[in-house]
*Asks:* 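Have a look at this one.
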2 protein chains.
Amino acid sequence: MDSIARTDYRPDSFQQLTFHDATKGFSEGADTPRAYLERCLETIAAREPVVQAFVVVNEAGAREAADASAARWKAGKPLSPIDGMPIGIKDLIETRDMPTQMGCEAYRGNFPRRDSAMIRAMRDAGAIILGKTVTTELGQAHPGPTSNPFNPRHTPGGSSSGSAAAVGARMVPAAIGTQVGGSIIRPASYCGNVALKPTQGAINRGERQGLSQSTAGVHAGGIEDMWLVAKAIALRAGGDPGAPALFGPDTPPAAQRPARLIVMEGEGWAVMDEDSRRAFELLLEKLRAAGVELLTRADAAAIEAFERSIANAKDVSNDIGAFETRWSQQNLIEAHPDGVSQRFLARQKRGMAMTLDDYRGRLLEREAMRRALADIAPLADGLISPASPGPAPVWEGDKPGQPLAPRPTGDTVSNSATSALGVPCVTVPMTAVRGLPMGVQLIGHPHMDARAAGMARWVLETIEPVCV
Amino acid sequence: MDSIARTDYRPDSFQQLTFHDATKGFSEGADTPRAYLERCLETIAAREPVVQAFVVVNEAGAREAADASAARWKAGKPLSPIDGMPIGIKDLIETRDMPTQMGCEAYRGNFPRRDSAMIRAMRDAGAIILGKTVTTELGQAHPGPTSNPFNPRHTPGGSSSGSAAAVGARMVPAAIGTQVGGSIIRPASYCGNVALKPTQGAINRGERQGLSQSTAGVHAGGIEDMWLVAKAIALRAGGDPGAPALFGPDTPPAAQRPARLIVMEGEGWAVMDEDSRRAFELLLEKLRAAGVELLTRADAAAIEAFERSIANAKDVSNDIGAFETRWSQQNLIEAHPDGVSQRFLARQKRGMAMTLDDYRGRLLEREAMRRALADIAPLADGLISPASPGPAPVWEGDKPGQPLAPRPTGDTVSNSATSALGVPCVTVPMTAVRGLPMGVQLIGHPHMDARAAGMARWVLETIEPVCV
């Protein structure tokens, strides 16, 4: 294993790739979107053999788009602040110029030749749709080939495996992910990204409306690019049908020091290893020292009630998703009996065993969580929680003759609650555990995405990261 | 024009085609689903040349399904009460064995070879997916070839033109329609159907989740079949993601006399012709005589406030739909510039001119309507209103050299409010105006579909229809 493959991640010295600070050069002639793109392609050429973040890269299309962008910047007429930004797209999302194969054998060669809402919006904003990034099979458990950019023995997380790894490997400044259970925030945590899982519905999911808790979001090297991409989409494609779309400023939210934060334990707390918990607690101490008041379940009956309401969030989330997708998945299995994995079939079994009344019961549990969250809104500016129960676990593939590993891309346990709650989460790479990144998520109330981003920015800019 | 083509519709003597009362014969051997199907096919052969309700009929597949159903009934093991029922499917909805061409040149030959959620559910319940029925272009304004089964000079309504006409012509006992503005209830009114537009989200729309106010519903010859089809779908495919799906009994709701009804005027009131209004008012008199108390906007401040809240429902609905579909429609126009109609392009212009904030404003107006509706819930058991502003208008095609007729399939003005409100509506053919049917809609509060159906059944079974 060469030295590029394994690095000892240190959050204080690792340089993320950013775009927002490059555009001044585009205007002044010191840099161009084409040169920026070429630097990304060089990094991809160097890192991709081990990281394997991409399913396909559209080099020719990207170069053409970059040249068009360069002309706009030169003329002083960029289409948006992300004009010329190379972006990776999770391969669940339809793109007119690249196949959409969803990490699933049954979709091999699938090429609908149309742009999803968010893809259209980004193109209309001048962004460069550079390539499709690896997803786990249909965004579920079965992993793709991507490895963690900081140590290839470890998983990049999933299901947005390639998007998180591409940003972590500095191949692109931003990439699009999607989250039903923990598919943006967890891989972002494992790969040292900043990432936004927005309020449910805040970014138009286009053709992917089949789940009631699922969001499209942005992985990036920094808060600025993360926000600019999200906003560029929302302004042009809106949110999901019926949703008011992402609220907040057109420019990146300023850093905002929270006066008070609630420390959310959730289901993840109990399964954290000692190092990871210590890293998070050391970070909390630094926050306290910086004047942030921290509240826990011991401090208020409403927080305790909230924690109890989310104690079963993972099962609730999984059941809701399994029921909502069972009809389309059953179609898929019947049409392609050998085109899906054993992991996929196991999940489908769960959905097929449910009754409509089981599903209604799960919706009511989710609604109860949301009410409990509303009850703690007056107590603090938001919540803080580990973005994953630890750093990326080792994953070296299924072993022949052994039962399938239950969680090849890690555990959603730190994310199921915030997914079910429909709240905005921003993860920032503030801790490192045993040489790998682990994120911390700042969590807002519904539609308070800008506040969550502003608090995350303040943490990132003010607090020194923790290495354990 | 032959005598089949034009009939003088009389609601008291017109015999609807029903299915629920045929299944006893299937069990006892006096009839079979195959024989029932053959009778439908005979009617189609006789009426289709003029009515043109179907895009395609899958005779071979239907016969095979009918024989399988016959064997189940004979063995005493039907899959559901609708096992063996031949059903027409609006051609917006995907079916694995027939193309889905959406009345749109750009989708000519489109054949995704998969079943939408509701189609899967009906097949799993043993129903026979008989054919695809004509829709206006993409469910919008541009009409298809279907004519009104009671007079071919008149429109069948739209966008569920073929579904309404096929039921009105006794070709099938039930057909699936969809409604965004007035696309189930209006054509059902024009074609003498019973029909349910359920609570928003109560029947799973499958791949068609791109609009925040849009429902799939059932056209039928009677309340019993209408309900059994809706329930068969909801039990198997649920509702839209996140929705609790259709509530109510598994068997058709019993007739239920309302103690009090609110007469909803809405935008349609002002544009009704004299005969149509008189027919509706005569019906109200019969309801009063049967002991139903009727309240109007003059009777309570809350009703007046409600009426004011919905006074602009048509524009609100149209803008919401235009914004939500603009990205996918722009894709379509770019890919097939000659594949869409001038009417379609005009609507797209409306959507493209809107900003995100315009859309948010329309959502707030819709939300205000829904709050005003909730405020009148304690006053009555439900609402009653004409299902269309009159009987089907004449439509004989665009005239060369003339501007495009603005409403070739009639006016949604009596339906936009109930669509925007997301409430259940059941239309029953209780009036005839100048020899053509005109429906009356019983309207419930959200999730009270069974009550709306029960009240509609009571009206249908108890009150004598009105001919003007």
Side-chain angles (χ1 to χ4, degrees), chain A residues 94 96 112-121 124 200-201 204-214 231 233-247 320-321 323-328 330-332 334-335 351 354-364 366-367 422, chain B residues 94 96 112-121 124 200-201 204-214 231 233-247 320-321 323-328 330-332 334-335 351 354-364 366-367 422:
Chain A
E94 293 181 349
R96 65 163 191 243
R113 294 179 198 278
R114 64 193 164 216
D115 279 343
S116 188
M118 66 188 105
I119 305 296
R120 251 212 92 85
D124 288 347
Q200 180 65 49
N204 194 331
R205 290 176 292 160
E207 71 283 356
R208 298 192 59 76
Q209 305 287 337
L211 289 153
S212 66
Q213 75 180 58
S214 145
K231 198 71 197 183
I233 297 171
L235 280 172
R236 288 163 182 82
D240 282 342
L246 187 71
F247 285 96
I320 287 174
F323 185 85
E324 289 171 350
T325 53
R326 66 180 189 171
W327 67 271
S328 57
Q330 199 63 19
N331 279 348
L332 187 72
E334 287 173 13
M354 288 175 71
T355 66
L356 176 56
D357 207 53
D358 293 336
Y359 174 67
R360 286 175 174 165
R362 289 311 206 184
L363 290 182
L364 292 174
R366 188 171 72 180
E367 199 49 44
Chain B
E94 292 182 349
R96 65 164 191 243
R113 294 179 198 278
R114 64 192 165 217
D115 278 344
S116 188
M118 66 187 106
I119 305 297
R120 251 213 91 86
D124 288 347
Q200 180 64 49
N204 194 330
R205 290 176 292 160
E207 71 283 357
R208 296 191 59 75
Q209 306 287 338
L211 289 153
S212 66
Q213 76 181 55
S214 144
K231 198 71 198 181
I233 296 171
L235 281 172
R236 289 164 182 81
D240 283 341
L246 188 71
F247 285 96
I320 287 174
F323 185 86
E324 289 171 350
T325 54
R326 67 180 188 170
W327 67 271
S328 58
Q330 199 63 18
N331 279 347
L332 188 72
E334 286 173 13
M354 288 176 71
T355 66
L356 176 56
D357 207 53
D358 293 337
Y359 175 67
R360 286 174 174 165
R362 290 309 205 185
L363 290 182
L364 293 174
R366 188 171 72 180
E367 199 49 44

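In what follows, chains carry the letters A, B, and so on, assigned in the order in which the sequence lines appear, proteins first and then strands, with residues in each chain numbered from 1. Worth saying up front: this structure is predicted, and the values here are computed from it rather than measured.
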*Asks:* Side chain, backbone, both or neither: which part of B/I119 has a heavy atom under 4.5 Å from chain A?
*Replies:* neither
*Asks:* Please state whether the side chain, the backbone, both or neither of B/R366 comes within less than 4.5 Å of a heavy atom of chain A.
*Replies:* side chain
*Asks:* Measure B/A121 against the heavy atoms of chain A and call it side chain, backbone, both or neither at under 4.5 Å.
*Replies:* neither
*Asks:* For A/N204 and B/W327, which heavy atoms make the closest approach, and how far apart are they?
*Replies:* ND2-NE1, 3.5 Å
*Asks:* Return the option, out of A/P241, A/A245, A/G238, with the maximum number of heavy-atom pairs under 4.5 Å with chain B.
*Replies:* A/P241
*Asks:* Using non-hydrogen atoms only, which part of A/D124 is less than 4.5 Å away from chain B: side chain, backbone, both, or neither?
*Replies:* neither
*Asks:* Using heavy-atom distances under 4.5 Å, tell me whether B/D357 contacts chain A through its side chain, its backbone, both, or neither.
*Replies:* neither
*Asks:* Rounded to the nearest 0.5 Å, how far apart are CD of B/Q330 and CG of A/D115?
*Replies:* 12.0 Å
*Asks:* Within the side chain of B/R96, is there an N or O that forms a donor-acceptor pair under 3.5 Å with the backbone of A/A335?
*Replies:* no
*Asks:* Taking B/S116, B/G239, B/S214 one by one, which has the highest count of heavy-atom pairs under 4.5 Å against chain A?
*Replies:* B/S116
*Asks:* Test B/Q209 against every option in A/R205, A/Q209, A/R208, A/E207 by the side chain to side chain contact (heavy atoms under 4.5 Å, CB included) rule and name the one that passes.
*Replies:* A/Q209
*Asks:* Is it the side chain or the backbone of A/R236 that comes within 4.5 Å of chain B heavy atoms, both, or neither?
*Replies:* backbone
*Asks:* Would you mind reporting whether A/E334 and B/R120 have side-chain heavy atoms less than 4.5 Å apart?
*Replies:* yes
*Asks:* Answer with side chain, backbone, both or neither: which region of B/I320 has an atom nearer than 4.5 Å to a non-hydrogen atom of chain A?
*Replies:* neither
*Asks:* Considering only heavy atoms and a distance below 4.5 Å, find which of A/R113, A/R326, A/R362, A/R114 pairs most often with chain B.
*Replies:* A/R326
